[in-house]
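Below is one structure, written out as structure tokens; comments come after it.
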There are 2 protein chains.
Amino acid sequence: MDAKTQARFEARARILKALAHPSRLFMVDQLSHGERCVCELTAMVGSDMSTVSKHLSVLKSAGVVADEKRGMQVYYRLKMPCVLRFFDCVGEVIEQSAREQMAMANISGTKTR
Amino acid sequence: MDAKTQARFEARARILKALAHPSRLFMVDQLSHGERCVCELTAMVGSDMSTVSKHLSVLKSAGVVADEKRGMQVYYRLKMPCVLRFFDCVGEVIEQSAREQMAMANISGTKTR
DNA sequence: CAACTATTTGGCCAAAGCGCCAAACGGAAT
DNA sequence: ATTCCGTTTGGCGCTTTGGCCAAATAGTTG
């Protein structure tokens with residue numbers, strides 16, 4: 001794997017890594033319905049505001065969201081709505097896995113994984 | 001965020017986390033061209049075979065790839081080709097970010113990030 | 001069976017990620 | 001100017017990840 005290829009996949013991995021957290025996915029999902037301020041997201045996610053803020057900054061530096069201070073709050077919005085397409089495929093993977101585990105359980109009493 | 005929602009996003013995050021590593025993305029990309037055995041992937045990636053094997057097992061338990069032992073080797077194949085669609089969007093994000101950084105650099109000598 | 005090959009597993013260690021708390025910041029209101 | 005509010009940043013423990021090595025496995029070949 002030459003340096004250029006390496007770099008390309010590292011860049012891709014950075015984006016995916018930014019998305020790879022339940023709270024962050026949830027926030028992306030919320031932002032797909034329109035912009036939200038940190039306080040709204042904090043209330044929805046249910047963790048400390050500092051935690052939420054850090055999650056948002058991860059998404060921001062990955063280029064997935066953008067922020068804008070307006071009045072007293074900071075509003076975040078989804079910058080790359082195409083990330084929503086991920087969810088379709090991810091959903092498929094999950095359902096497929098679920099189906100297979102069912103099938104496995106039926107064929108034998110063998111425990112999956 | 002109720003428990004059900006929580007669970008849904010955790011499941012999604014697991015998949016993305018499995019993909020969120022340069023070597024694993026590279027392997028997924030390779031597998032999109034057809035199945036490969038561990039030794040082939042090891043040669044391409046350039047790390048220890050044990051490392052590659054562990055990466056593959058991460059992808060496998062996420063349900064992204066499947067393995068099959070044939071002859072002396074274990075062949076892995078892409079189980080959910082839809083993950084390839086991720087790359088398009090990820091590419092967009094990267095290009096978009098690059099463009100913005102360029103613009104930033106032009107407007108002022110301000111350092112980005 | 002012994003030697004070999006391809007792969008997986010366990011162990012170790014360094015590095016990264018996560019969540020909370022407390023402190024710093026910046027703008028708004030009094 | 002002081003206080004207040006929403007937000008970000010720093011720091012600290014804790015868990016997880018990643019990569020190498022060495023050892024265990026499994027199937028093959030001589």
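Quick note on labels: first sequence line is chain A, next is B, and so on, each numbered from 1.
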*For Thr51(A), which contact category applies under a 4.0 Å heavy-atom criterion: base, sugar-phosphate, or nothing?*
base

*Indicate, with a heavy-atom threshold strictly under 4.0 Å, whether Arg70(A) touches base, sugar-phosphate, or nothing.*
nothing

*Under 4.0 Å between any heavy atoms, over every strand shown, what does Ser57(A) touch: base, sugar-phosphate, or nothing? Just pick one.*
nothing

*Identify which nucleotide among dA16(C), dT8(C), dT8(D) has an atom closest to any side-chain atom of Ser53(A), counting heavy atoms from C-beta outward.*
dT8(D)

*dG17(C), dT7(C), dT8(D): which one has an atom nearest the side-chain heavy atoms of Cys39(B)?*
dT7(C)

*asked:* In this structure, how many angstroms lie between the P atom of dA22(C) and the CG atom of Asp48(A), rounded?
replied: 10 Å

*asked:* Assigning hydrophobic clusters by single linkage (Ile, Leu, Val, Met, Phe, Trp, Tyr; side-chain heavy-atom cutoff under 4.5 Å), is Met44(B) placed with Leu31(B)?
replied: yes

*Starting from P on dG27(C), measure out to OH on Tyr75(A) and report it in whole angstrom.*
17 Å

_Assess whether a salt bridge exists between Glu10(A) and Lys17(A), defined as any Lys/Arg side-chain N lying under 4.0 Å from an Asp/Glu carboxylate O._
no

*Would you say a side-chain N or O of Tyr76(A) is under 4.0 Å from OP1 or OP2 of dT8(D)?*
yes

*When the distance from CG of Leu16(B) to P of dG17(C) is rounded to whole Å, what number comes out?*
15 Å

_Does any part of the side chain of Leu78(A), heavy atoms only, come nearer than 4.5 Å to the side chain of Leu84(A), both counted from C-beta?_
yes

*Touch class at under 4.0 angstrom, heavy-atom based, for Lys60(A) against every strand present*: nothing

_Nearest-nucleotide pick for His21(A), side chain only, options being dC20(C), dA28(C), dC18(C)_ = dC18(C)

*Out of dT17(D), dA22(D), dG19(C), which has the shortest distance to the side chain of Ser50(B)?*
dA22(D)

*Find the distance Lys17(B):NZ to dT16(D):P and express it as a whole number of Å.*
9 Å

_Closest to side chain of Lys69(B), choosing from dG27(D), dG18(D), dC20(D)_ = dG27(D)

*Arg8(A) side chain reached by Thr5(A) side chain, heavy atoms, under 4.5 Å*: yes

*Between dA6(C), dG6(D), dT8(C), which nucleotide gets closest to the side-chain atoms of Met72(B)?*
dA6(C)

*Kindly say whether, by distance alone, the side chain of Lys54(A) makes a donor-acceptor pair under 3.5 Å with the base of dG10(D)?*
yes

*Over how many whole Å does the gap from Met27(B) atom CE to dG19(D) atom C1' extend?*
12 Å

*Taking atom P of dG18(D) as reference, at what distance in whole Å does atom CG of Leu56(B) sit?*
13 Å

*Salt bridge flag under 4.0 Å for residues Arg99(A) and Glu92(A)*: no

*Salt bridge between Glu35(A) and Arg70(A), side-chain N to carboxylate O under 4.0 Å?*
yes

*Once you round it to whole Å, what is the distance between P of dC18(C) and CG of Leu59(A)?*
11 Å

*Could you state the atom-to-atom distance from CE of Met49(B) to P of dA24(D) in whole Å?*
19 Å

_Side-chain N or O of His55(A) closer than 4.0 Å to phosphate OP1/OP2 of dG19(C)_ = yes

